[in-house]
Amino acid sequence: MKIHGNENLATSPLEFELSAFKRLSNQFWSLQIGGWSCYMAVVFIAIIRPQFESPDFNLNGQIINLAVETLSGFVLSFIQWLFIQRVIHRTLQQTLIMSFLSAALLGLIFNVIKLACYKVIVHNQQWNQAWNMLEFGGWLLFSLATMFVWTSVFFIMLYNSKLQREHEQLLIAQSQAKDAQLEMLTYQLNPHFMFNTMNAISTLILKEENSTASEMLDKLCDFFRYSLRATKQTKSSLKDELDLLQLYLSIEKVRFGNRLKVNFDIDDDVLQCVLPNMLCQPIIENAVKYAVEPSKEGGDIFFTASKKGEQLVIEITDTGKTFEDVKRKGFGIGLRNTRSRLEVMFNGHCNVDLSHEHGKGNTVTMTMPYEVYNE
């Protein structure tokens with residue numbers, strides 16, 4: 001996630017991700033060290049200790065071999081942990097299949113290491129000397145069982161952490177989206193907006209253009225009604241977002257007439273895409289305020305939305321002065337709000353970019369995953 005500009009951005013929810021990862025990492029190392037220490041103790045008590053009375057028993061060799069066996073298992077289980085971390089974000093079925101296939105492979109490697117070290121360290125033989133299928137198979141069952149146990153534990157840990165993280169992020173998203181929507185509602189109802197709209201209605205009444213004034217007042221009521229209803233939601237479709245924009249622009253069109261020119265270029269296949277509700281309205285409002293209102297000739301606003309790969313890309317361009325020229329505080333608030341809401345909804349898999357073409361005008365580009373809205 002990035003926003004180009006001079007605004008100071010809010011703290012990212014990624015800090016929560018880092019905190020959760022640190023806790024999980026601490027749990028892993030505690031389990032890893034404790035588990036393999038127990039493995040060493042169990043093997044010593046169950047396998048090595050009963051051989052003490054054997055005439056050809058090699059205690060030093062057995063101890064060294066056990067240490068090498070435990071260390072190799074420690075390394076292999078760590079590799080498995082890293083692998084499951086990489087695939088845990090796939091579907092449950094894919095994760096299970098890939099995890100236990102890798103466990104079988106690592107179990108086979110673990111078995112080869114164990115048997116080879118046993119031959120070399122304990123019996124001073126070549127690593128592959130006098131192997132037979134019965135011996136190899138007997139050892140293999142234990143090796144596979146060991147890796148499967150570790151895989152099961154790691155899978156439960158990581159999958160539980162994933163579910164917990166998604167649940168907590170959902171709660172954060174709902175809370176932060178609600179706060180953002182309330183802030184947005186306050187922003188929409190600011191005295192400047194109310195004054196200009198009501199002043200335009202008053203002027204129409206004085207000109208005895210009562211039907212136009214009544215139409216504008218109806219649209220203003222519809223806009224406020226939509227805004228209030230939107231505070232009860234966290235997301236909407238792009239089609240609903242465009243309906244709101246058309247309602248807002250129809251109000252502003254009464255004020256600015258031909259000075260306000262808006263061009264929409266929307267691909268049909270993105271109309272049902274999901275996005276945070278009322279996401280684009282503050283960006284459009286800033287474009288009207290800083291590109292259309294200050295100029296006697298007015299200005300143009302271009303709104304485009306399209307699908308690029310698996311991404312929804314929305315671009316809002318105006319022909320006013322650049323962000324740096326006018327030091328737009330309102331624009332900075334709008335961008336911070338947009339960035340925060342997108343990041344929460346899409347878990348950071350999004351981008352907000354403010355750019356300028358030839359030193360004039362501003363383009364806000366928002367990129368987010370292409371997802372169909374389901375009510």
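The first residue of the sequence shown is numbered 1, and numbering continues consecutively from there.
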Following the transitive rule for hydrophobic clusters with a side-chain heavy-atom cut-off under 4.5 Å over Ile, Leu, Val, Met, Phe, Trp and Tyr, establish whether Phe142 and Met147 coincide in one cluster. yes
Side-chain heavy-atom pair Tyr248, Met278 within 4.5 angstrom cut-off: no
Ring centres under 6.0 angstrom apart (Phe264, Phe302): no
Looking at side-chain heavy atoms only, is the closest gap between Phe154 and Gln85 below 4.5 Å? no
With a 4.5 Å heavy-atom cut-off, do Ile316 and Cys280 have their side chains touching? yes
Treat each ILVMFWY residue as a node, draw an edge where side-chain heavy atoms are under 4.5 Å apart, and state whether Ile109 and Leu141 are in one component. no
Linking directly or through intermediates, with side-chain heavy atoms under 4.5 Å: list the remaining ILVMFWY members grouped with Ile97, chain and number order. Leu101
Tell me yes or no: between the side chains of Asn351 and Thr367, is some donor less than 3.5 Å from an acceptor? no
With sequence neighbours excluded, tell me which residues meet ring-ring contact (aromatic ring centres under 6.0 Å, His included) with Phe346. none
Are the side chain of Ser202 and the backbone N or O of Met198 linked by a donor-acceptor pair below 3.5 Å? no
Backbone N or O of Leu260 within a donor-acceptor pair of the Lys253 side chain at under 3.5 Å? yes
Please enumerate all residues that pass ring-ring contact (aromatic ring centres under 6.0 Å, His included) together with Phe256, with sequence neighbours excluded. none
Counting only heavy atoms not in Asn263, do more than 12 fall under 6.0 Å of its CG? yes
Evaluate whether atom NZ of Lys307 has more than 12 neighbouring non-hydrogen atoms of other residues, nucleotides or ligands under 6.0 angstrom away. yes
How far does CD of Gln62 sit from CZ of Arg49, to the nearest 0.5 angstrom? 13.0 Å
Smallest heavy-atom separation, Leu238 atom then Ile314 atom, equals CD1-CD1, 4.1 Å
List for me each residue that meets side chain to side chain contact (heavy atoms under 4.5 Å, CB included) alongside Val120, sequence neighbours excluded, and say none if there are none. Trp127
With Thr203 as reference, evaluate Leu206, Asn199, Ile201, Ile205 under the side-chain contact (heavy atoms from CB on, under 4.5 Å) test and give the passing residue. Asn199
Rounded to the nearest 0.5 Å, how far apart are CD of Glu252 and OG of Ser250? 9.0 Å
Can you find a heavy atom in the side chain of Trp81 that is under 4.5 Å from one in the side chain of Gln32? no
What's the spacing between Thr363 OG1 and Ile283 CD1 if we round to 0.5 Å? 12.0 Å
Hey, mind stepping through Ile88 and Tyr159 against side chain to side chain contact (heavy atoms under 4.5 Å, CB included) and telling me if it holds? CA-CA 7 Å; Ile88 195 67; Tyr159 200 77; 3.9 Å; yes
Are Thr91 and Gln93 linked by a side-chain donor-acceptor pair shorter than 3.5 Å? no
Flag for Lys114-Ser143: side-chain donor and acceptor within less than 3.5 Å: yes
Kindly determine whether Lys219 and Asp222 satisfy salt bridge (Lys or Arg N to Asp or Glu O under 4.0 Å), including the steps that lead there. CA-CA 5 Å; Lys219 291 178 179 179; Asp222 289 340; over 6 Å; no
So how far is it from Glu215 CD to Leu220 CG, rounded to the nearest 0.5 Å? 12.5 Å
Which is it for Tyr373 and Lys239 under the side chain to side chain contact (heavy atoms under 4.5 Å, CB included) test, yes or no, and what are the steps along the way? CA-CA 10 Å; Tyr373 176 59; Lys239 182 179 183 301; over 6 Å; no
Cluster check Ile156, Val87: I/L/V/M/F/W/Y, side chain < 4.5 angstrom: no
Counting only heavy atoms not in Lys261, do more than 12 sit closer than 6.0 Å to its NZ atom? yes
Shortest non-hydrogen contact between Val274 and Met368, atoms and distance: O-SD, 4.3 Å
Taking Arg259 for the side chain and Glu293 for the main chain, is one N or O donor matched with an acceptor at less than 3.5 Å? yes
Shortest non-hydrogen contact from Thr151 to Ala103? OG1-CB, 3.1 Å
Rounded to the nearest 0.5 Å, the CD1 atom of Ile266 sits from the OG1 atom of Thr304 at a distance of 7.0 Å
Does Val75 belong to the same Ile/Leu/Val/Met/Phe/Trp/Tyr cluster as Leu144, with side-chain heavy atoms less than 4.5 Å apart forming each link? yes
So does Ile47 get a backbone contact from the side chain of Gln51, meaning a donor-acceptor N/O pair under 3.5 Å? yes
Report yes or no: do Leu354 and Val313 belong to one cluster of Ile/Leu/Val/Met/Phe/Trp/Tyr joined by side chain heavy-atom distances under 4.5 Å? no
Has Glu315 got a side-chain atom pairing as donor or acceptor with Ala305's backbone, closer than 3.5 angstrom? no
Look at the side chain of Gln80 and the backbone N and O of Ser99, then say whether any donor-acceptor pair between them is shorter than 3.5 Å. yes
From Ile84 CD1 over to Leu96 CG, what is the distance, rounded to the nearest 0.5 angstrom? 9.5 Å
Run the numbers on Trp29 and Phe78 for side chain to side chain contact (heavy atoms under 4.5 Å, CB included), then give the verdict. CA-CA 9 Å; Trp29 286 114; Phe78 176 69; 3.6 Å; yes
Please report the closest heavy-atom contact between Leu140 and Gly107, naming both atoms and the distance. CD1-O, 4.2 Å
For residues 34-45, which side-chain donor-acceptor pairs fall under 3.5 Å, sequence neighbours excluded?
{"unit_1": "Trp36", "atom_1": "NE1", "unit_2": "Ser77", "atom_2": "OG", "d": "3.0"}
{"unit_1": "Ser37", "atom_1": "OG", "unit_2": "Ile33", "atom_2": "O", "d": "2.7"}
{"unit_1": "Tyr39", "atom_1": "OH", "unit_2": "Glu69", "atom_2": "OE2", "d": "2.4"}

Are Asn277 and Asp240 close enough, and set up right, to give a side chain to side chain contact (heavy atoms under 4.5 Å, CB included), and what steps lead you there? CA-CA 8 Å; Asn277 65 333; Asp240 292 336; over 6 Å; no
Using every non-hydrogen atom in the two residues, find where Gly299 and Thr319 come nearest and quote the distance to one decimal. CA-OG1, 3.5 Å
Which pair of non-hydrogen atoms, one from Leu275 and one from Ser237, has the smallest distance, and what is that distance? CD2-C, 3.5 Å
Matching residue for Phe100 among Phe83, Phe155, Phe148 - test: ring pair (Phe, Tyr, Trp, His ring centres under 6.0 Å): Phe148
Below 4.5 Å, heavy atoms only, C-beta onward: do Ile284 and Phe303 meet side chain to side chain? yes
side-chain hydrogen bond (donor to acceptor under 3.5 Å, both in side chains) contacts touching residues 264-273 (sequence neighbours left out): none
Looking at Pro282, is its backbone amide N or carbonyl O close enough to the side chain of Asn286 to form a donor-acceptor pair, meaning the two atoms are under 3.5 Å apart? yes
